[in-house]
Amino acid sequence: MVVKSKGIPLATLLLILFLSAIFPTSFSNQVLNSKKPIPSSSASSLGSSVAFQIKGNVYPLGYYTVSLAIGNPPKVYDLDIDTGSDLTWVQCDAPCKGCTLPRNRLYKPHGDLVKCVDPLCAAIQSAPNHHCAGPNEQCDYEVEYADQGSSLGVLLRDNIPLKFTNGSLARPMLAFGCGYDQTHHGQNPPPSTAGVLGLGNGRTSILSQLHSLGLIRNVVGHCLSGRGGGFLFFGDQLIPPSGVVWTPLLQSSSAQHYKTGPADLFFDRKTTSVKGLELIFDSGSSYTYFNSQAHKALVNLIANDLRGKPLSRATGDPSLPICWKGPKPFKSLHDVTSNFKPLLLSFTKSKNSPLQLPPEAYLIVTVSTFLRL
């Protein structure tokens, strides 16, 4: 397994739900109730949610995207969805350094700059003592990600047209980043997206801004298919009335991640030495990953269980080194899943809230027809 994280999240969310079509009846969904009152003009007045189609997959793309229209007239941009960071930004023709899109596909700013004295500007600054040289100074930002990528730019506002599930239409003026200097240091080429849709729970998040305008309740959810794609929604109107298992989010001591736990790992329905895990939810990470101790224990369990089976370790891909090959190329996971045992994460603070992980959830077949963990 490798880490391909997209961001470092901030703050707390009023209500959050994550769904997965891979585990339709057993995926652990998260909820955190806040004492903050919901404005009377909130989602109950519009009475709806906003839904987006998700494109992408874990492998081989390694990311998920949605299309977001920005401006008037609107122009559509494909954005990498990321619950691990707050700020939404698009590659911007200001001009642009390090951009991956042709100039005619870049966002062109229209002068609606967010001022340095705006509270949203203070929310995205890393320095504890945010200082503005003057009341009309623009709000600059710089966001850095765990994969060593970054975006530098200016905060501005523009119309983002939204169609709600009850048929209502809105064109709120929302703040986002106009990124004119991007860097990417990963081994793989940067994705061909226009930017990042930050779904963290800080003040600059699109989700938080929509909630503060009274357009939705502070809920974000996504449903991802094992075959790729899925859907993303804001607001509470699309939460399934049944078949959902809940476990509470935890407050993080360092940064306010979407975090839950503790959870114990089971292998083939048997207890293991891996206990008390705290899990961070980050849609910007391509893969699920454990700390080194838990990862070593899990790999040893799987390797020991595979002894005597017609699989052998394969090497050659440094990004995904835990790999097996068989006597003939694999056509799909169905060729080998019978050789692997299911995993299960049991959340100790919630009754009957197991996250079941069949082999299809933690294995992939690469283009070289090897099996990788």
**Student:** State yes or no: do Val66 and Val90 share one hydrophobic cluster built from I, L, V, M, F, W and Y residues joined by side-chain heavy-atom distances below 4.5 Å, directly or via other members?
**Tutor:**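 Yes, Val66 and Val90 fall within the same hydrophobic cluster.
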**Student:** Can we say the SG-SG distance for Cys121 and Cys116 is below 2.5 Å?
**Tutor:**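 No disulfide here.
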**Student:** Could you tell me if the side chain of Leu343 sits less than 4.5 Å from the side chain of Leu298, heavy atoms only?
**Tutor:**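 Yes, their side chains come closer than 4.5 Å.
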**Student:** Less than 6.0 Å separating the ring centroids of Phe176 and Tyr107?
**Tutor:**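 Ring centres of Tyr107 and Phe176 closer than 6.0 Å.
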**Student:** For the residue pair Asp78 / Ser67, report whether a side-chain donor-acceptor contact shorter than 3.5 Å exists.
**Tutor:**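 Yes - a donor-acceptor pair under 3.5 Å links their side chains.
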**Student:** Tell me, which pairs form a salt bridge (charged side-chain N to carboxylate O under 4.0 Å, His left out) where one or both residues lie in residues 267-276, sequence neighbours left out?
**Tutor:**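 Every salt bridge (charged side-chain N to carboxylate O under 4.0 Å, His left out) pair that includes a residue of residues 267-276, provided the two are not neighbours, is Asp268-Lys270.
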**Student:** Are Trp89 and Tyr77 close enough that their ring centers fall under 6.0 Å?
**Tutor:**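 No.
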**Student:** I'd like to know if Asp112 pairs up with Arg157 as an ion pair, taking the criterion as any Lys NZ or Arg NE/NH1/NH2 lying under 4.0 Å from an Asp or Glu carboxylate oxygen.
**Tutor:**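 Looking at Asp112 and Arg157, the cut-off is not met.
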**Student:** Quick check: closest heavy atoms across Ser49 and Gln237, and the distance to 0.1 Å?
**Tutor:**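 Reported closest heavy-atom pair: OG-N, 2.8 Å.
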**Student:** Determine whether Asp80 and Leu197 make a side-chain contact, defined as any pair of heavy atoms from C-beta on separated by less than 4.5 Å.
**Tutor:**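 Asp80 vs Leu197: side chains apart.
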**Student:** Determine, stepwise, if the pair Leu224 / Ile54 fulfils side chain to side chain contact (heavy atoms under 4.5 Å, CB included).
**Tutor:** CA-CA 8 Å; Leu224 303 176; Ile54 291 177; 3.7 Å; yes
**Student:** For Leu215 versus Phe164, what's the shortest heavy-atom pair and its separation?
**Tutor:**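 Minimum heavy-atom separation between Leu215 and Phe164: O-CE2, 3.8 Å.
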**Student:** Looking at every non-hydrogen atom in both residues, tell me the closest pair between Tyr141 and Gly179 and how far apart they are.
**Tutor:**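 So the two residues come closest at OH-CA, 3.1 Å.
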**Student:** So, using side-chain hydrogen bond (donor to acceptor under 3.5 Å, both in side chains) as the criterion, who are the partners of Asp335 when residues are at least two apart?
**Tutor:**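 Not a single residue meets the side-chain hydrogen bond (donor to acceptor under 3.5 Å, both in side chains) criterion with Asp335.
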**Student:** Are Leu238 and Thr165 packed together at the side-chain level, in the sense that at least one heavy-atom pair is separated by less than 4.5 angstrom?
**Tutor:**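 Yes. Closest side-chain heavy atoms under 4.5 Å.
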**Student:** Could you tell me whether the side chain of Leu207 reaches within less than 4.5 Å of the side chain of Asn218, counting heavy atoms only?
**Tutor:**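 Side-chain contact under 4.5 Å: yes.
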**Student:** May I ask you to decide whether Arg203 forms a salt bridge with Asp118, counting only side-chain N to carboxylate O separations under 4.0 Å?
**Tutor:**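 Salt bridge: no.
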**Student:** Which atoms form the tightest heavy-atom contact between Gln91 and Thr193, and what is the distance?
**Tutor:**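 Closest approach of Gln91 to Thr193, heavy atoms only: NE2-O, 3.1 Å.
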**Student:** Using a 4.5 Å cut-off on heavy atoms from C-beta on, say whether the side chain of Phe267 contacts that of Asp305.
**Tutor:**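 Yes - at least one pair of side-chain heavy atoms lies under 4.5 Å apart.
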**Student:** Check whether any side-chain heavy atom of Leu174 sits under 4.5 Å from a side-chain heavy atom of Leu210, and report yes or no.
**Tutor:**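 Heavy-atom side-chain distance check passes, below 4.5 Å.
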**Student:** So which atom in Cys96 and which in Leu106 form the shortest heavy-atom distance, rounded to 0.1 Å?
**Tutor:**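 Here Cys96 and Leu106 meet closest at CB-CD1, 4.0 Å.
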**Student:** Less than 4.5 Å apart, any side-chain heavy atom of Gln138 and any of Asp140?
**Tutor:**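 In short, these two side chains touch, coming nearer than 4.5 Å.
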